[in-house]
Structures are given as structure tokens and as C-alpha cells.
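Inspection log for the structure reproduced underneath, given as C-alpha cells.
Counting from 1, the numbers follow the sequence of the chain as shown.
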Amino acid sequence: MSKKVVCFGEMLWDCFPDHEIPGGAPMNVALHLHQLGLAVKMISRVGNDAHGQRILDFVNSYGLDTSCIQQDEQYATGTVEVDNADVENIKYTIVSPVAWDFIGLRNESLKAVQAADAFIFGSLSVRNPESWETLYHLLHEPVLKIFDINLRAPFYDFEQIEIILGYTDILKINEDELVIVADYFDIDLPEKATHLEMSKLVCAYLTEHFPISMVCVTLGANGAMIYQEGKIISHPGYPVKVEDTVGSGDAFLSGFVKTYLERKRPEEILDFACAMGAYVATQKGGTPRYEIEDVLKVKGAAK
């Protein structure tokens, strides 16, 4: 039986001056997990508009279950306006409010989470009270909860994040977010702390103050690490020729979830997750189509 996973959050279009790309971290994760053979449902909301129909057509083309994706008659499908005139300083405007700000609590969504082996969510999707109330209700269900913190200024509220951390089993965070979290919780970091030292201090604090059993810290091209029971296990990542890094972190999380649910050892979890992130970085867009064999070639090429 395939493991069941529910992803909660934003579905949107990244709108460049000359083209548009479907995205949103939770949607990307859902599509990757689906391609990896898991039974995935996506809880989100799109507008009753052309963008909404196109993004539904897009996820349907992968065969993703759309039964928990709601349609909004008032608000438009989410968009992010991308200004890439200066490639060294690309600017993103996450439009607000949009349909995914108003994800309602529906019986089919509640049942999906209750039946799931894992429930994945981020912080961006709860910038509006209605989606926040829905997630807060779902967090009370006794299911493995994976928080991809995904801080997107100015759309996060640390009082809200503290509440979410209080229900989190596994936290995924990147090195930049680690610094923001350390600053908020006033965690004393040595001035010249290495990635490893900083990660250990912040992870120790989070696992001491919240019910988090595992923290995964992603380090971009430098791989990733897992903190569990006071120990850190790290992976240097796989060197690849990068096409673009869009969706690499989402692919990493998908590989992490797949192998975690298969009860793999932390070393194996990191190895496959890093291969997933590296493979997607070699492709255009955040959700290329592939087979697991394509991902494993990344590992083979590194030997």
C-alpha cells in the first residue's frame, strides 16, 4: 500500500514579464511525492478564473488527486509578480489577497488528514485568518506533522509560528531561516559560528522547547543535515550542472518524506533527498517529469 500524504497550502503562478510558471512550495512537494509513488492529496484553493483552470489542468496532467482543492468565486488564483530586470536582484511580489488565503475547513480535507501517514504545511499559506483557522484545526489531528517553515517576508508572524511549532514533529528549515529563528528566540550564537555549530545550537533549542523530534537543515549547494537526539548527521550534497534551482528545496523535502516514511536510516534519507534536490536543479522548472531511475543517476554520476 502506498503511503498517504496530504499537503496544505498555496497553488500559484510565478508571473515573469514574458512567461508564467505554475508553483507554490506545497504544490511542488505534492507533485514530486506523487511522482515518487505516494498517494497524495493537495488541500488548497484556486479562483474560478483562467489561471485557476490552467493550474488545475496542470496538476491533473500529473494525475494528482484534486478532490481537496477548493474553488473561490470571489478571489483570484494566486500569483507572484517576478521582476527579473536585474538578474542579481530579482524581486518577487506575492499578490494578496488571493484564493489560497481563504482555504476553508471541509469534511473531505479533514478526512484526508485523518487517513494520512504524513501532513505537510508551511507558513506562507496562513498569512490570512481563514486559512490559518483551517490549518490550526487540522493540526489537532493525530498524524505525523512536517513543517516546511518557508519564511517569506513580510508574510510571517512568529506568534503564529510558535503555535505551529507546538504541533510539529519534523521541521525543515534552510540556513537563512535558521538565522531568523535564532534572532527571534534570542539564541546566543558565537560570532564566528560554523554552519554546523549554529545549526546544532538552534536545533537543540527548538527540540528542547517544542515537541520536534527531528530537524532537517538544508544548505543549498552544500547539502543538508539532520539533527536528532542531540546528534547531527550531514551530507555534502551532489555536485551537478545547474539549470535552475527553482523547486530544488521542494524536491529535497519530497525525497526526505518518501524515505522517512519507508523507515530508512537518517544517512539514507539525506542521501536520497539530496539526490532529489540535485536532480531537479539540473532541469528547467520546479516540477519536471522523471522516474526514480533518473534521480539515482545523479548518485551514480558522483561516484
Inset, instruction - Return yes when atom CD of Glu73 has more than 12 non-hydrogen atoms of other residues, nucleotides or ligands closer than 6.0 Å, and no otherwise. - result: yes

Inset, instruction - Please determine which of Val40, Ile146, Ile120 meets the side chain to side chain contact (heavy atoms under 4.5 Å, CB included) test together with Val29. - result: Ile120

Legend entry - Minimum heavy-atom distance Phe102-Ser131, with the two atoms named: N-OG, 3.3 Å

Inset, instruction - Could you check Cys216 against Phe256 for side-chain contact (heavy atoms from CB on, under 4.5 Å), going step by step and ending with a plain yes or no? - result: CA-CA 9 Å; Cys216 182; Phe256 180 100; 3.9 Å; yes

Legend entry - Lys200 side, atom NZ; Leu189 side, atom CG - distance, nearest 0.5 Å: 14.5 Å

Inset, instruction - Look at atom CG of Asp188 and say whether more than 12 heavy atoms of other residues, nucleotides or ligands are closer to it than 6.0 Å. - result: no

Legend entry - Candidate pair Asp101 and Asn128, rule side-chain hydrogen bond (donor to acceptor under 3.5 Å, both in side chains), full reasoning: CA-CA 5 Å; Asp101 286 312; Asn128 181 277; 5.2 Å; no

Inset, instruction - First locate atom CD of Glu10, then atom CZ of Arg45, and finally report the distance between them rounded to the nearest 0.5 Å. - result: 15.5 Å

Inset, instruction - Could you tell me whether the side chains of Tyr238 and Asp271 share a donor-acceptor contact shorter than 3.5 Å? - result: yes

Legend entry - ring pair (Phe, Tyr, Trp, His ring centres under 6.0 Å) evaluation trace for His140 with Tyr167: CA-CA 8 Å; His140 288 78; Tyr167 291 92; 4.9 Å; yes

Legend entry - Thr194 side chain vs Glu197 backbone, donor-acceptor pair below 3.5 Å: yes

Inset, instruction - Measure the acute angle between the ring planes of Phe8 and Phe119, then classify it against the limits of 30° and 60° as parallel, tilted or perpendicular. - result: perpendicular

Inset, instruction - Check each of Leu139, Ile161, Ile170, Val215 against Phe147 using the side chain to side chain contact (heavy atoms under 4.5 Å, CB included) test, and report the only one that passes. - result: Ile161

Inset, instruction - Look up atom CD1 in Ile173 and atom CD1 in Ile149, then write down how far apart they are to the nearest 0.5 Å. - result: 4.5 Å

Inset, instruction - Please assess Glu20 against Arg54 for the test salt bridge (charged side-chain N to carboxylate O under 4.0 Å, His left out), listing each intermediate value before the final yes or no. - result: CA-CA 11 Å; Glu20 298 176 341; Arg54 283 172 56 213; 3.0 Å; yes

Inset, instruction - Under the side-chain hydrogen bond (donor to acceptor under 3.5 Å, both in side chains) rule, what do Asn150 and Ser123 come out as? Steps first, then yes or no, please. - result: CA-CA 6 Å; Asn150 200 20; Ser123 63; over 6 Å; no

Inset, instruction - Show your working on salt bridge (charged side-chain N to carboxylate O under 4.0 Å, His left out) between Lys258 and Glu262 and close with a plain yes or no. - result: CA-CA 6 Å; Lys258 170 185 163 59; Glu262 291 172 345; 2.8 Å; yes

Inset, instruction - Carefully, step by step, assess Ile94 and Arg152 under the rule side-chain contact (heavy atoms from CB on, under 4.5 Å). - result: CA-CA 9 Å; Ile94 306 174; Arg152 292 288 182 269; 4.1 Å; yes

Legend entry - Flag side-chain contact, heavy atom, 4.5 Å: Leu38 against Leu261: yes

Legend entry - Aromatic plane relationship, Tyr184 with Phe158 - under 30° parallel, 30 to 60° tilted, over 60° perpendicular: parallel

Inset, instruction - Establish, from distance only, whether the side-chain atoms of Tyr290 and His32 form a donor-acceptor pair under 3.5 Å. - result: yes

Legend entry - Between His235 and Glu267, a side-chain donor and acceptor under 3.5 Å: no

Inset, instruction - Examine distances only and state if a side-chain atom of Lys41 and a backbone atom of Ala39 form a donor-acceptor pair shorter than 3.5 Å. - result: no

Inset, instruction - Show your reasoning for whether side-chain contact (heavy atoms from CB on, under 4.5 Å) applies to Tyr136 and Val126. - result: CA-CA 9 Å; Tyr136 182 67; Val126 293; over 6 Å; no

Inset, instruction - Give a yes or no answer on whether the side chain of Gln283 reaches the backbone of Val280 with a donor-acceptor pair at less than 3.5 Å. - result: no

Legend entry - Donor-acceptor contact below 3.5 Å, side chain Trp13 vs main chain His51: yes

Inset, instruction - Provide the closest heavy-atom pair for Ala278 versus Val240 in the form atom of the first, atom of the second, distance. - result: O-CG2, 3.6 Å

Inset, instruction - State whether the side chain of Ser109 and the backbone N or O of Leu105 hold a donor-acceptor pair below 3.5 Å, judged by distance alone. - result: no

Inset, instruction - Please confirm whether Arg127 makes a cation-pi placement over Trp132, using NZ or CZ under 6.0 Å from the six-membered ring centre and within 45° of the ring normal. - result: no

Inset, instruction - For Gln53 and Asp49, test the side chains for any donor-to-acceptor distance below 3.5 angstrom and give the result as yes or no. - result: no

Inset, instruction - Please check if any side-chain donor atom of Ser61 sits under 3.5 Å from a side-chain acceptor atom of Arg289, or the reverse. - result: yes

Inset, instruction - First locate atom CD1 of Ile69, then atom CE of Met42, and finally report the distance between them rounded to the nearest 0.5 Å. - result: 6.5 Å

Inset, instruction - Kindly say whether Leu36 contributes a backbone atom to a donor-acceptor pair with the side chain of Glu291 at under 3.5 angstrom? - result: no

Inset, instruction - Give, for atom CE of Met214 and atom CG of Asp169, the distance between the pair rounded to the nearest 0.5 Å. - result: 11.0 Å

Inset, instruction - Measure from the side-chain N and O atoms of Asp250 to the backbone N and O of Gly286, and report whether any donor-acceptor pair falls under 3.5 Å. - result: no

Inset, instruction - Would you check if the side chain of Thr134 reaches a backbone N or O of Glu130 as a donor-acceptor pair within less than 3.5 Å? - result: yes

Inset, instruction - Report the distance from atom CD of Glu108 to atom CD1 of Ile43, rounding to the nearest 0.5 Å. - result: 9.0 Å

Legend entry - Residues Leu206, Phe185; criterion side-chain contact (heavy atoms from CB on, under 4.5 Å); working and verdict: CA-CA 9 Å; Leu206 291 171; Phe185 287 112; 4.1 Å; yes

Legend entry - Exam field: side chain Thr77 to backbone Gly47, donor-acceptor pair closer than 3.5 Å: yes

Legend entry - Closest heavy-atom pair and its distance - Met276, Gly255: CG-CA, 3.9 Å

